Amino acid sequence: KLNLSGAKLSEANLTGAIFFETDLSGANLSGAYLHGANLSKADLSEANLSGADLGGATLKDAKLSAVKLRYANISEANLSDANLSGADLTGANLNGAYLSGAFPIMGVDLSGANLSGATLEDTNLIGANLRFANLRYANLSGADLYGANLSGVDLRTTNLTGANLSEANLNRGNSNETFLIAGANLS
């Protein structure tokens, strides 16, 4: 197991790198190019990945607690079963990302994030901040959005089948074309 804890790798070109089970906790990877990298089971706790390109990267089972991913490109990435506790994904591009099984996303800051086409099926988003996020074509079937902030969110063409939206803030959201809300809890 490679230990790169606290490493300073900002703006490094690490395209396709293999960091399987690597300790990158507290590392500075801001602006790094990690397109297609394998970070499965890596420890990225408290790392700074702001502005990094993780497009198509594999972060399956990764520890991403308190990670900074502000304005990062995480499009088409696999974050299944990742630990995102306390992560900051403000303005991140998660277009087409796979987040099913990621835990706990509850309370995570996804304000202004692009989650268009993302898969968040059966995901725990309790109390998450999704203010002004783009959820067009996203799959949130069975997701728990209890108390989530969805104000100003674009929910057009979002799959909310069986989702729990109780006590969620939907103020000024654009939901004119929302579909597949069968069984959703809107209390």
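Predicted model only: the values in this text are computed from it and were never measured. In what follows, residues are counted from 1 in the order of the sequence shown.
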Q.
Can you tell me if Ile18 has over 12 outside heavy atoms packed within less than 6.0 Å of its CD1?
A.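 Atom CD1 in Ile18 is not packed in, count stays at 12 or less.
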Q. Just wondering, more than 12 heavy atoms not from Lys63 lying within 6.0 Å of its NZ?
A. no
Q) Is Leu24 linked to Leu14 within one hydrophobic cluster, defined over Ile, Leu, Val, Met, Phe, Trp and Tyr using a side-chain heavy-atom separation of less than 4.5 Å? A) yes
**Q.** Side-chain ion pair, Asp81 and Lys60, N-O less than 4.0 Å
**A.** yes
Would you say the side-chain atoms of [X] pair up with the backbone N or O of [Y], donor to acceptor, closer than 3.5 Å?
X: Ser151; Y: Asn169; value: no
X: His35; Y: Asp53; value: no
X: Ser141; Y: Glu121; value: no
X: Ser30; Y: Asn28; value: no

Side-chain heavy atoms of [X] within contact of [Y], under 4.5 Å:
X: Thr58; Y: Phe20; result: no
X: Ile126; Y: Asn164; result: no
X: Phe19; Y: Leu34; result: yes
X: Val108; Y: Asn129; result: no
X: Val153; Y: Phe132; result: no
X: Thr157; Y: Leu135; result: no
X: Ile74; Y: Leu79; result: yes
X: Ser80; Y: Ser100; result: no

